[in-house]
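One structure is given here, and the rest of the page talks about it.
In what follows, chains are A, B, ... by sequence order, proteins preceding strands, each numbered from 1.
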Protein chains: 2
Amino acid sequence: MANQLSLSIDRSSPVPLYHQVVQGIEAAIHSGILEPGSRLDNEIDLAAQLNLSRPTMRKAMDELVRAGLLVRKRGVGTQVVASQVRRPLELSSLYDDLSNNGKKPTTEVLSFSHVEADALTLTALQLPAGSKVYHFTRLRKVGGKPLALMENWVRDDITSMDEAQLSKEGLYAILRRGGVNFRLASQRIGAMIANDYQAPLLEAEVGSALVTMERTAVDDTGRMVETGHHVYRADSYSFEMTLVQR
Amino acid sequence: MANQLSLSIDRSSPVPLYHQVVQGIEAAIHSGILEPGSRLDNEIDLAAQLNLSRPTMRKAMDELVRAGLLVRKRGVGTQVVASQVRRPLELSSLYDDLSNNGKKPTTEVLSFSHVEADALTLTALQLPAGSKVYHFTRLRKVGGKPLALMENWVRDDITSMDEAQLSKEGLYAILRRGGVNFRLASQRIGAMIANDYQAPLLEAEVGSALVTMERTAVDDTGRMVETGHHVYRADSYSFEMTLVQR
DNA sequence: AAAGGCAGTATGTCCTATCAAGAGAACATG
DNA sequence: CATGTTCTCTTGATAGGACATACTGCCTTT
């Protein structure tokens, strides 16, 4: 049917053209201008409508396909998938997640030290023997309710940090300000039973269910920057994600 | 430095050139020929060495960057990141995961019915009122040990299935054979305590920790194909994934 | 000797072109 | 009327060129 979306492309903007197209189509989908299931014009026409070359148009659509918003079929066309799926799991901190949702997280630093890393940490962060790391545990609450108990180890040769900073903002915000560009993280999500140490801090019963996460984050130079072991109250937190088939 | 990798590109192969390059570099990294941290030649030289155009070379490297194996910096070059990170979480079934790891999973179908969907399922699968679905629960064991208890609802207008099939192979294999091309899935991972029903089936104590997963899968036409609620023994299973910053 | 600017190099963006391949409909033929 | 072929539409793959921009290190200048 040829859904001709009228996007405005600003060629003087520093934002790459293909990205402007991505944003435009994304907005059109989320606002309902492009309905789920509807077919888009073919690449060539779309490119012509926006006065772009086909490769540029394709690059934009590529991103949207990867994001799971569009589906392309050779010989057929491109259509909007967009069930109300969430954004694929991104590399963000819990603090960011909560802040973005309008909640006001508070952080209580339970312990903080700058010590020589133990063997496990040396391995996890791939540091030479004798390296020092920041080691701290934090309790995160939202609306006064405990949500997460977090233990982290951070290499100390990137940026310095102290207890006061950690109680004011998220770890990732501090590291990013220190010049760290996160590239990837590997994490493992599981479950466990609250023990005598965790339960009172999280204001939960001993024996109640906790979600566990272990994560190691890598920056764009390949350095392992941070590793941590977090536990969350299962009744208040779960991991949502969208998987895209490639 | 200039690490000149000698890949062989087969122009008569049906495999796209850029993908051959992806596979080649991937293999070189995993086999250690390309060491973590080492720099690659620049795109233009690499393209010349392999007799490819720069866009083709770039497309290959794009994929590797997205996969988290390479890092590019404008004005600097491209280097291998590749800490021993795992492949990003993919849209696969537990059965596939286990089979690929050399395990031999067995499936016991605890219940199977073809019934009218209840309100919750209608919503989850976005089906019109009165639609029928397959509803079944399965117990998956590995090496005789119970691992997962799975309850699923599958729309019936795609392919038919029965108890015998489900006990022989994974749900996703059946659906794929029925012509379903999965595109994306949204899932939520959390934790809970084993109850009186789950514990004996999983041969675990009542009150032990379970990992829970709820998933809804969408095919390439935007149809919600399947939704399910699974629980896993926390001592035998966890979700590993790699997040890539984009 | 320190600071600033400049050039070189690499990736980032964007363009024009062309051929290949899959899907589906129209059409011709037995 | 059924079936197989062909034609057309659309995405997929590849090439090659031009210009923009970020980073590094060297060189000049102060």
Which atom pairs link the protein and nucleotides 4-9 of chain D when you take only N or O atoms and keep those under 3.5 Å?
none

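- An OP1 or OP2 oxygen of D/dT11 is reached within less than 4.0 angstrom by a side-chain nitrogen or oxygen of A/T78.
- Residues passing the salt bridge (Lys or Arg N to Asp or Glu O under 4.0 Å) test with B/D10: none are found, sequence neighbours excluded.
- Within the structure, salt bridge (Lys or Arg N to Asp or Glu O under 4.0 Å) pairs that include any residue of residues 159-173 of chain A comprise A/E169-A/R177 (at least two apart or interchain).
- Taking each heavy atom of A/E226 and A/L175 in turn, the nearest pair found is CB-CD1, 4.5 Å.
- For B/R74, the side-chain hydrogen bond (donor to acceptor under 3.5 Å, both in side chains) criterion is met by no residue, not counting sequence neighbours.
- Contacts between chain B and DNA chain C, taken as any atom within less than 4.0 angstrom of a protein heavy atom, begin and end at C/dT9 to C/dT13.
- Atom pair B/Q79:CD and D/dT24:P shows a separation of 11 Å (rounding to whole Å applied).
- Proximity of A/R66 to B/R66: side-chain heavy atoms (C-beta onward) are separated by under 4.5 Å at one or more points.
- Contact annotation: A/R58 side-chain N/O to D/dT11 OP1/OP2 distance is not under 4.0 Å.
- Between the side chain of A/T123 and the main chain of A/A119, a donor-acceptor pair closer than 3.5 Å is present.
- Between the side chain of A/Q79 and the backbone N or O of A/G37, at least one donor-acceptor pair lies under 3.5 Å.
- When the side-chain hydrogen bond (donor to acceptor under 3.5 Å, both in side chains) test is applied to B/D62, the partners found at least two apart in sequence or on another chain are B/R72.
- Contact annotation: B/K59 side-chain N/O to D/dA13 OP1/OP2 distance is under 4.0 Å.
- A search for side-chain hydrogen bond (donor to acceptor under 3.5 Å, both in side chains) contacts involving B/H229 returns nothing, not counting sequence neighbours.
- Note that OG1 of A/T227 and CG of A/N152 are 8.0 Å apart. Values are rounded to the nearest 0.5 Å.
- Summarising the geometry, the separation between CG on B/D62 and C1' on D/dT14 is reported as 15 Å, rounded to the nearest angstrom.
- Contacts classified as salt bridge (Lys or Arg N to Asp or Glu O under 4.0 Å) and involving residues 45-57 of chain A (residues at least two apart or in different chains) are given here: A/E43-A/R54.
- Residues B/R72 and A/T56 each lie close to DNA chain C; by heavy-atom proximity, the contact nearer the 5' end of the strand is made by B/R72.
- Taking atom CZ on A/R66 and atom P on D/dG12, their separation rounds to 13 Å, with Å as the unit.
- Contacts of B/F136 classified as ring pair (Phe, Tyr, Trp, His ring centres under 6.0 Å), with partners at least two apart in sequence or in another chain: B/F112.
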Could you pull out the protein-nucleic contacts involving nucleotides 16-19 of chain D (nitrogen or oxygen on both sides, under 3.5 Å)?
unit_1 : atom_1 : unit_2 : atom_2 : d
D/dA18 : N6     : B/R54  : NH1    : 3.4

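- For A/D219, the side-chain hydrogen bond (donor to acceptor under 3.5 Å, both in side chains) partners two or more places apart in sequence, or in a different chain, are A/T221, A/R223.
- Of the residues in residues 8-22 of chain A, none has a non-hydrogen atom less than 4.0 angstrom from any atom of DNA chain D.
- For B/R74 and D/dA22, the CZ to P distance is 5 Å, given to the nearest whole Å.
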